[in-house]
Student: 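Next up is a structure, given as structure tokens.
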Amino acid sequence: MKNLQKDRLLELLADQTIFGLSAEELMELEKSKKQFPEWEKDFSLELTAAAIGLFDLDVSDDLPASLRAKVFARADEFFAPQEELQNVVNFTPRTEKTIGSMATETVGNITETAPTRPFWQWLGWAFAAAACVALAINLWTTRSRPQTEIVQNSPVIQTPPPKMSVEQERSQQLAAADDAVEIPLADPKNTKEVLGEMVWSNKLQKGYARFRNLPANDITKESYQLWIVDESQNPKTPISGGVFNISATGEVIVPIDPQLTVKKPVMIAITKEKPGGVVVSKQEKVVALAKI
Amino acid sequence: MAQVTLKRIAAGDKSAVQDCLNNYGGLVWSLARRMSPNSNEAEDAVQEIFIDIWKNAARFDETQSSETTFVAMIARRRLIDRLRKTNRQPNTDSLEDILAEPSNGKDNDLQVSVEAKEAAQAMKHLRPEQRQILHLSIVQGFSHQEIADALKMPLGTVKTHARRGLIQVRELLGLDSDFEKEATV
């Protein structure tokens, strides 16, 4: 029995690698992976496909210079937060002893005495150092761990692992809540285009939406907002489940935290709104829907 | 030397970006052109792929693959995502042309990575229809429906040939994991 289930999982993974999966197959794959958690991070089939995909590839043409320059510019953006952090980490505050020893340096027979700084000047440096540390903490929390967007891909910075990943929390939520539902999120204009799926537990009043194909948004112009249409509410004023931005590539998991109690959800909608979200949506730009 | 590039990237060493571009720029550019509808799309894809490579560099496991194959995997993921998002086809010859004139295939020694050479070798062990369908889907980027129509084969049969072929190549490359081998003992 177990082997049959594993064979089916392998088939689904192979289909996903070669042709992609339908919404139903995706749900089946998710369930199957829970039975075989060791497969969660296995990408041997993808590596195999990549190796086959290299067949006959002519790599003699290098990147055009203009494109190379664009990639370098992207690298500057990508590595900048890490470099800022590294600079702060490398900052070594001078202790009183080192300050004292540097104040007088002997070179040959000449003794040069560096001007000693009054206390208030060192106090200024201390404040500057504290500001650097505060800046680093701010950068760390706002750039590498955004509140509403958790990217599955490992960040380059080696951050201490959280106690429980969103994936684990999500699985636990499913296991613990007998009313949890998992439904695919589809493009309303093309319901065959699955953009991800969501998990919702009415008892826990919590859930997660996982997106794979939602395009990145320009945060200066718009934000994504998640809405829960509740049977007890006017459909024109659904409950906001949170505002989020997609700036990263790859899979994104968005926690759903409604501001009001959800009694009987019938539909989830993702809309594009002005930056920061709105209280009532005009529902002009609906990008994903899930019927419960 | 090339094998350490991703480790340096993962460690936040920005100077490794140049090596990364020198080593894999041509590879990523070729894959992007093969799997994009036009050159503008290919250029955008290349930029996204390199960001993906930097983000995922820490996941590289040298015991599982070469850097080249890992980079190709990341590139393929992004390129397929882009194609599926826009529902567009890669810029390739028509399926009829490809079927009429099968690829001669480079000598194995000319393939770009160890795994690519081994995969090309492993493909020879597959049944002809498995080999053909894998080539059309993975190398040429055709959908299962297009392949089924062109080969006049049921959709399910196309999928079965493709998945069995892929799983077999994976085993021949020795990429099936230890827990699977234990399970079959």
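Order of the sequence lines fixes the chain letters, A, B, ..., with proteins taken first and strands second; residue numbering starts at 1 for each chain.
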Student: For residues B/I80 and A/T17, report the shortest heavy-atom separation together with the two atoms involved.
Tutor: CD1-O, 4.4 Å
Student: Are B/H144 and A/I18 close enough that some pair of their side-chain heavy atoms sits under 4.5 Å apart?
Tutor: no
Student: Check whether any side-chain heavy atom of B/K14 sits under 4.5 Å from a side-chain heavy atom of A/D76, and report yes or no.
Tutor: yes
Student: Pick one of side chain, backbone, both or neither for B/L172, based on which atoms fall under 4.5 Å of a heavy atom in chain A.
Tutor: neither
Student: Between B/L173 and A/A51, what is the shortest heavy-atom contact and its length?
Tutor: CD1-CB, 4.4 Å
Student: Checking B/Q145 against chain A: side chain, backbone, both or neither under 4.5 Å from a heavy atom?
Tutor: neither
Student: Taking side chain as everything from C-beta outward and backbone as N, CA, C, O, which of these in B/A119 sits under 4.5 Å from a heavy atom of chain A? Side chain, backbone, both or neither.
Tutor: side chain
Student: Are any of the side-chain heavy atoms of A/F72 and B/Q18 separated by less than 4.5 Å?
Tutor: yes
Student: Flag the one option from B/V139, B/T69, B/L21, B/V169 with the top tally of heavy-atom pairs under 4.5 Å to chain A.
Tutor: B/L21
Student: Donor-acceptor pair, A/T48 side chain versus B/L166 backbone, under 3.5 Å?
Tutor: no
Student: Starting at CG of A/L54, measure out to CZ of B/R34 and round the result to the nearest 0.5 Å.
Tutor: 8.0 Å
Student: Are any non-hydrogen side-chain atoms of A/L10 and B/R170 less than 4.5 angstrom apart?
Tutor: yes
Student: Between atom CD of A/E46 and atom CZ of B/R77, what is the distance when rounded to the nearest 0.5 Å?
Tutor: 4.0 Å
Student: Are side-chain heavy atoms of A/D62 and B/W29 found at a separation under 4.5 Å?
Tutor: no
Student: Looking only at non-hydrogen atoms, find the nearest pair between B/E43 and A/L67 and report the distance.
Tutor: O-CD1, 3.5 Å
Student: A side-chain contact here means heavy atoms from C-beta on lying under 4.5 Å apart; do A/L45 and B/R163 qualify?
Tutor: no
Student: So, do B/Q64 and A/L47 sit near enough that their side-chain heavy atoms are less than 4.5 Å apart?
Tutor: yes
Student: Step by step, would you call A/K70 with B/E48 a salt bridge (Lys or Arg N to Asp or Glu O under 4.0 Å)?
Tutor: CA-CA 11 Å; A/K70 284 180 190 169; B/E48 291 179 6; over 6 Å; no
Student: What is the minimum heavy-atom distance between B/F50 and A/L63, and which atoms define it?
Tutor: CE1-CD1, 4.2 Å
Student: Between the side chain of A/R68 and the main-chain N/O of B/G25, is any donor-acceptor distance below 3.5 Å?
Tutor: no
Student: B/I51 vs A/V71, test: side chain to side chain contact (heavy atoms under 4.5 Å, CB included). Steps then yes/no.
Tutor: CA-CA 8 Å; B/I51 293 171; A/V71 176; over 6 Å; no
Student: If I compare all heavy atoms of B/R59 with all of A/F43, which pair ends up nearest, and what's the gap?
Tutor: O-CZ, 4.1 Å
Student: So what's closer than 4.5 Å to chain A heavy atoms on B/N22: side chain, backbone, both or neither?
Tutor: both
Student: Please classify the contact of A/F36 with chain B as side chain, backbone, both or neither, using a heavy-atom distance under 4.5 Å.
Tutor: neither
Student: Rounded to the nearest 0.5 Å, how far apart are CG of B/D61 and OG of A/S44?
Tutor: 11.5 Å
Student: Which heavy-atom pair separates B/S137 from A/F19 by the least distance, and what is that distance?
Tutor: CB-CE2, 3.6 Å
Student: Taking every non-hydrogen pair under 4.5 Å, which of B/V17, B/V158, B/T160 racks up the most with chain A?
Tutor: B/V17
